[in-house]
Protein chains: 2
Amino acid sequence: MDNSLEVCKGKLIHKDSVNKVINSLPKDNFLNRLADFFKIFGDSTRIKIIYSLYYSELCVCDLVAVIGISQSGISHQLRTLKQMGIVKNRRKGKTMYYSLDDQHIFEILKSGFAHISHV
Amino acid sequence: MDNSLEVCKGKLIHKDSVNKVINSLPKDNFLNRLADFFKIFGDSTRIKIIYSLYYSELCVCDLVAVIGISQSGISHQLRTLKQMGIVKNRRKGKTMYYSLDDQHIFEILKSGFAHISHV
DNA sequence: TTAACATATGAATATATGCTCATATATTAT
DNA sequence: ATAATATATGAGCATATATTCATATGTTAA
C-alpha cells in the first residue's frame with residue numbers, strides 16, 4: 001500500500017511543504033467568504049457606487065446619474081452591497097438614501113488603488 | 001431646452017452632490033483596472049494559491065496536491081496570476097517552481113481576512 | 001532516439017454575473 | 001381613491017469565468 005500523495009506520476013512532490021501548507025490553509029468555508037468579500041470590489045459599477053457614497057450620501061436616482069446604467073441595475077447592485085454590509089439606507093418619503101455602512105471598506109479600495117498606481 | 005439631469009422623472013436629483021461626485025470619480029480605464037485587480041482575490045482557488053505561495057515556493061504539482069483541482073486548472077490560474085504580476089516562476093528541470101512576485105499582495109489579502117473575521 | 005514525466009494550452013462546458021425590460025411596491029400629492 | 005414618482009424585484013439574456021478533457025510542449029533519463 002502506498003499512501004504517498006499520488007498527484008503527479010513521479011510522486012516527487014515536496015511532501016513536507018505541501019503538508020505544512022495544507023495544515024495552515026484556512027477552512028474552505030472561510031476562504032469562500034473571503035473570495036465573496038473581494039468579489040465586491042471586482043466590478044467597476046460597485047466600485048463607483050462605493051466611491052460615490054464615500055463622498056456623500058446619495059439616493060438611487062443620483063447614483064443612476066453618476067454611473068449611467070439603468071435604475072434597475074443600480075438597485076440590484078445596492079441590494080447586494082446591502083446584503084454584504086457595505087451600505088445602509090434610510091427612506092425619506094419616496095426617496096431612498098444610501099450611504100456607506102462601513103467606512104473601513106474604503107481603505108481596502110484605496111490599498112488596491114495604491115497598488116495599481118505605482119506598479 | 002432643459003439641461004438638467006433627466007434621470008428620474010421629477011428631476012429632483014441632488015445636482016450639487018452628483019456633479020461633485022462625477023468630477024471626483026477616477027477615469028473608467030483606471031476603475032476597470034482596479035476591478036480587475038480585486039477580481040484576483042475574488043476566487044477561492046486563486047486565494048489558496050496565493051496563500052500557499054506565501055508560505056513557500058511550490059511546484060505546480062504541489063499546488064495540485066494542496067488545492068485539489070486538476071493540474072490543468074492550476075496551470076490556467078497560475079498563468080493569469082503571472083500575467084497580473086502576482087506570481088513568478090523558475091524552471092528546474094521538468095519542474096516549474098512558483099512563488100509570489102509581490103509580497104505586498106498578501107497584505108491586501110490579510111486586510112480582507114481581518115475584515116471578515118471581526119464582522 | 002525513445003520513453004516518461006511535468007507543465008502549458010486550446011476547446012468545450014457549465015455556472016455565475018451584470019445588465020435590461022417589464023412590472024410590483026411604497027410613498028406622496030391631488 | 002387616483003395619479004405620479006422613486007425604488008425594488010423577477011425573468012431573461014448575453015457575457016464572463018472556472019473547470020475539465022485532450023493534447024502539445026519542454027525536459028530528463030534510458
Side-chain angles (χ1 to χ4, degrees), chain A residues 4-14 18 28 31-32 35-50 57-65 67-84 87-99, chain B residues 4-14 18 28 31-32 35-36 38-49 57-65 67-84 87-99:
Chain A
S4 69
L5 291 165
E6 293 209 31
V7 179
C8 293
K9 289 168 190 169
K11 298 166 201 162
L12 35 95
I13 227 177
H14 306 83
V18 167
D28 260 36
L31 294 179
N32 287 332
D36 286 342
F37 173 71
F38 280 112
K39 265 179 207 161
I40 296 168
F41 307 104
D43 174 77
S44 65
T45 295
R46 282 191 294 272
I47 291 182
K48 286 175 191 170
I49 292 177
I50 294 169
E57 184 187 57
L58 294 170
C59 70
V60 176
C61 191
D62 295 335
L63 288 168
V64 172
I67 296 173
I69 70 170
S70 71
Q71 176 269 317
S72 170
I74 296 289
S75 252
H76 279 296
Q77 292 295 5
L78 285 169
R79 183 174 51 161
T80 54
L81 287 171
K82 189 170 181 220
Q83 283 171 344
M84 295 297 287
V87 305
K88 59 177 185 285
N89 57 6
R90 69 182 176 90
R91 180 180 279 281
K92 188 181 180 186
K94 284 177 284 190
T95 307
M96 191 70 91
Y97 287 92
Y98 281 85
S99 56
Chain B
S4 69
L5 290 165
E6 292 210 32
V7 177
C8 292
K9 289 169 190 168
K11 298 163 198 165
L12 35 94
I13 224 176
H14 307 83
V18 167
D28 262 36
L31 295 179
N32 286 332
D36 286 343
F38 280 113
K39 264 179 208 163
I40 296 168
F41 308 104
D43 175 79
S44 64
T45 296
R46 282 192 294 273
I47 291 183
K48 286 175 191 170
I49 292 176
E57 184 188 56
L58 294 171
C59 71
V60 176
C61 189
D62 295 336
L63 287 167
V64 172
I67 296 174
I69 70 169
S70 71
Q71 177 268 317
S72 171
I74 296 289
S75 252
H76 280 296
Q77 293 294 6
L78 285 170
R79 183 173 50 161
T80 55
L81 288 172
K82 192 175 178 214
Q83 284 171 344
M84 295 295 289
V87 304
K88 60 178 187 284
N89 56 5
R90 69 179 176 92
R91 182 180 277 282
K92 188 181 181 186
K94 285 176 286 191
T95 308
M96 190 70 89
Y97 287 92
Y98 281 86
S99 57

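Convention: sequence-line order gives letters A, B, ...; per-chain numbering from 1.
Distances shown here put a side-chain N or O of Thr45(B) below 4.0 Å from the OP1 or OP2 atom of dT19(D). Taking side-chain N and O atoms only, Tyr98(A) has a distance below 4.0 Å to OP1 or OP2 of dA8(D). Distances shorter than 4.0 Å separate none of the side-chain N or O atoms of Arg91(A) from OP1 or OP2 on dT7(D). For dA8(C), neither phosphate oxygen OP1 nor OP2 lies less than 4.0 angstrom from any side-chain nitrogen or oxygen of Gln71(B). Distances shown here put every side-chain N or O of Arg79(A) at or beyond 4.0 Å from the OP1 or OP2 atom of dG18(C). Proximity of Lys39(A) to the phosphate of dT17(C): a side-chain N or O atom is located under 4.0 Å from OP1 or OP2. The phosphate of dA18(D) (OP1 or OP2) has a side-chain N or O of Arg46(B) nearer than 4.0 angstrom.
Between the C1' atom of dA8(D) and the CD1 atom of Ile74(A) lies a distance of 13 Å, rounded to the nearest Å. Between the P atom of dT27(D) and the CG atom of Asn89(B) lies a distance of 12 Å, rounded to the nearest Å. At whole-Å resolution of the value, CG in Leu63(A) and P in dA6(D) are 14 Å apart. In this structure, Met96(A) atom CE and dT7(D) atom C1' are separated by 7 Å, rounded to whole Å. If you take CG of Asn32(A) and C1' of dA18(D), they are 13 Å apart, rounded to a whole angstrom. Between Ile67(A) atom CD1 and dT7(D) atom P the separation is 13 Å, expressed in whole Å. Taking atom CZ of Arg90(B) as the reference point, atom C1' of dG26(D) lies 17 Å away to the nearest angstrom. We find that CG of Leu58(B) is positioned 15 Å from C1' of dT7(C), with the value rounded to whole Å.
With dC19(C), dC5(C), dT28(C) as the choices, the nucleotide that has an atom nearest any side-chain atom of Ile69(A) turns out to be dC19(C). Considering only side-chain atoms of Cys59(B), the nucleotide from dA6(D), dT7(C), dA8(D) that sits closest is dT7(C). Comparing dT19(D), dT9(D), dT17(D) against the side chain of Ser75(A) picks out dT9(D) as the nearest. The side chain of Lys94(A) sits closest to dT5(D) out of dT9(D), dG10(C), dT5(D).
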Checklist entry - What do the steps show when you test Arg79(B) against His76(B) for side chain to side chain contact (heavy atoms under 4.5 Å, CB included), and what is the final call? => result CA-CA 5 Å; Arg79(B) 183 173 50 161; His76(B) 280 296; 3.5 Å; yes

Item to check | Chi angles and distances behind the side chain to side chain contact (heavy atoms under 4.5 Å, CB included) call for Asp28(B), Lys48(A) | outcome: CA-CA 9 Å; Asp28(B) 262 36; Lys48(A) 286 175 191 170; 3.2 Å; yes

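Contact annotation: side chain of Ser70(A) to base of dC19(C), donor-acceptor pair absent below 3.5 Å. For dT9(D), the base has a donor-acceptor partner in the side chain of Ser72(A) [N/O atoms by modelled type, under 3.5 angstrom].
Residue His76(B) and nucleotide dT9(C) are classified as a stacked aromatic pair, their ring centres being separated by less than 5.5 Å at an interplanar angle below 30°.
Along DNA chain C, the nucleotide nearest Asp43(A) and the nucleotide nearest Lys92(A) are compared for position; the residue whose nucleotide lies closer to the 5' end is Asp43(A).
Two residues are said to be in side-chain contact when any heavy atoms from C-beta on lie closer than 4.5 Å; Gln77(B) and Asp43(B) meet this criterion. Between Gln71(B) and Cys61(B), the closest side-chain pair of non-hydrogen atoms is not below 4.5 Å.
Separating the CG atom in Leu78(B) from the OG atom in Ser75(B) is a distance of 6.0 Å, to the nearest 0.5 Å.
Within the nucleic acid shown, Gly73(A) comes within 4.0 Å of at least one base atom, counting heavy atoms only.
In this pair, Phe38(B) and Phe38(A) present their aromatic rings parallel. The plane angle is below 30°, not in the 30 to 60° band.
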